[in-house]
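Shown next, in structure tokens, is the structure this report addresses.
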Amino acid sequence: MQGRNTVEEVLRLSAEKGYTVFYRNGEDSNVLSDIVVAHPTLIVMIRTWPYVLIMDTTHIDQNVLAKLTEMVKNEEVAQRFVNDSWRKLINELDDVEYQRKLEVLKTRWRSRPDFLHYLFSTWLNPFAHKFCRVWTSQVLLFG
């Protein structure tokens, strides 16, 4: 890395490979707060269809799976959770049913408050309205 830190190396390699990189530092510091690395093909697609944006929640699923596997030390349990409870929750279309599934999830995982804290503080509280179908399905798409 020739004296570069990890972030500097990511930025260098991204530029070297032709990726577009957007990043911001914190308001009162030189600490990286946001970074988006986009493949050149994605940039072309966004310019071609600027009103269409598809969110790929598989990256969220992968993060949830990795964190739960790390916490419970059992990939099979983590995979079952992501494939069943998690996907049913985020794909639910009815608000009442979403809330019911959320309560079931809280009850089943009450013995793991660390995991519940991660799930709620990292994904559900700040971003659920951006990737859970109960909200995203309410967006009008091209009439």
Side-chain angles (χ1 to χ4, degrees), residues 1-106 108-109 112-143:
M1 292 190 340
Q2 301 176 348
R4 289 180 289 274
N5 65 35
T6 305
V7 173
E8 291 168 335
E9 185 67 3
V10 166
L11 295 174
R12 185 191 72 76
L13 288 171
S14 297
E16 181 182 290
K17 300 294 181 183
Y19 284 73
T20 300
V21 179
F22 301 96
Y23 64 93
R24 292 186 304 185
N25 291 336
E27 290 181 20
D28 298 329
S29 70
N30 198 28
V31 175
L32 183 68
S33 64
D34 305 291
I35 185 168
V36 174
V37 180
H39 190 275
T41 304
L42 178 63
I43 299 299
V44 170
M45 291 171 67
I46 289 172
R47 287 184 178 143
T48 303
W49 301 292
Y51 300 105
V52 177
L53 180 63
I54 298 170
M55 177 171 274
D56 181 0
T57 62
T58 58
H59 301 304
I60 296 170
D61 293 352
Q62 289 172 356
N63 286 331
V64 170
L65 175 64
K67 190 65 170 182
L68 182 55
T69 300
E70 174 189 315
M71 289 179 168
V72 300
K73 310 287 189 241
N74 186 326
E75 188 171 356
E76 185 179 323
V77 167
Q79 190 71 58
R80 214 176 2 211
F81 169 79
V82 168
N83 289 337
D84 186 45
S85 301
W86 177 249
R87 291 230 175 100
K88 285 179 182 174
L89 177 71
I90 67 173
N91 287 313
E92 181 56 56
L93 294 170
D94 180 73
D95 185 51
V96 172
E97 191 60 20
Y98 174 87
Q99 294 301 328
R100 188 192 68 74
K101 287 177 179 171
L102 196 59
E103 289 305 315
V104 168
L105 186 148
K106 287 179 188 177
R108 285 187 182 160
W109 288 90
R112 294 307 306 248
D114 54 340
F115 178 63
L116 288 175
H117 179 265
Y118 161 77
L119 213 56
F120 281 86
S121 66
T122 305
W123 297 113
L124 295 176
N125 290 343
F127 302 116
H129 63 285
K130 294 182 179 184
F131 69 91
C132 288
R133 291 188 68 203
V134 68
W135 292 286
T136 61
S137 66
Q138 296 175 14
V139 177
L140 182 62
L141 301 173
F142 301 109

Are any of the side-chain heavy atoms of [X] and [Y] separated by less than 4.5 Å?
{"X": "V104", "Y": "R100", "answer": "yes"}
{"X": "F131", "Y": "D61", "answer": "no"}
{"X": "V10", "Y": "S14", "answer": "yes"}
{"X": "L119", "Y": "L105", "answer": "yes"}

What closest approach, in Å, do [X] and [Y] show between heavy atoms, and which atom pair accounts for it?
{"X": "S85", "Y": "R108", "value": "OG-NH1, 3.8 Å"}
{"X": "F120", "Y": "P126", "value": "O-CD, 3.4 Å"}
{"X": "P40", "Y": "G18", "value": "CG-O, 3.1 Å"}
{"X": "T20", "Y": "I43", "value": "OG1-CG1, 3.6 Å"}
{"X": "Y118", "Y": "N63", "value": "OH-O, 3.3 Å"}

| ring-ring contact (aromatic ring centres under 6.0 Å, His included) pairs, two or more places apart, involving residues 11-47 | Y19-H39

| query | ring-ring contact (aromatic ring centres under 6.0 Å, His included): which pairs involve residues 62-82, sequence neighbours left out? | reply | F81-W109, F81-F115

| side chain to side chain donor-acceptor pair (under 3.5 Å) pairs, two or more places apart, involving residues 72-82 | Q79-N83

The criterion is side-chain hydrogen bond (donor to acceptor under 3.5 Å, both in side chains); which residues satisfy it with [X], sequence neighbours excluded?
{"X": "K101", "result": "E92"}
{"X": "N125", "result": "none"}
{"X": "E103", "result": "K106"}
{"X": "E70", "result": "none"}

| query | For L124 and L89, what are the C-alpha separation, side-chain angles and deciding distance, and is it a side chain to side chain contact (heavy atoms under 4.5 Å, CB included)? | reply | CA-CA 10 Å; L124 295 176; L89 177 71; 4.3 Å; yes

Atom [atom1] in [X], atom [atom2] in [Y]: separation rounded to 0.5 Å?
{"X": "L93", "Y": "Y98", "atom1": "CG", "atom2": "OH", "result": "12.5 Å"}
{"X": "R133", "Y": "N91", "atom1": "CZ", "atom2": "CG", "result": "5.5 Å"}
{"X": "M45", "Y": "T48", "atom1": "CE", "atom2": "OG1", "result": "8.0 Å"}

| query | Can you list the residues that meet the salt bridge (charged side-chain N to carboxylate O under 4.0 Å, His left out) rule with R112, with sequence neighbours excluded? | reply | D114

| task | Could you list the residues that satisfy side-chain contact (heavy atoms from CB on, under 4.5 Å) with A78, not counting sequence neighbours? | result | L65, L68, T69

| request: Mind checking side-chain contact (heavy atoms from CB on, under 4.5 Å) for E9 and listing every partner two or more places apart, or none if nothing turns up? | output: M1, R4, R12, L13

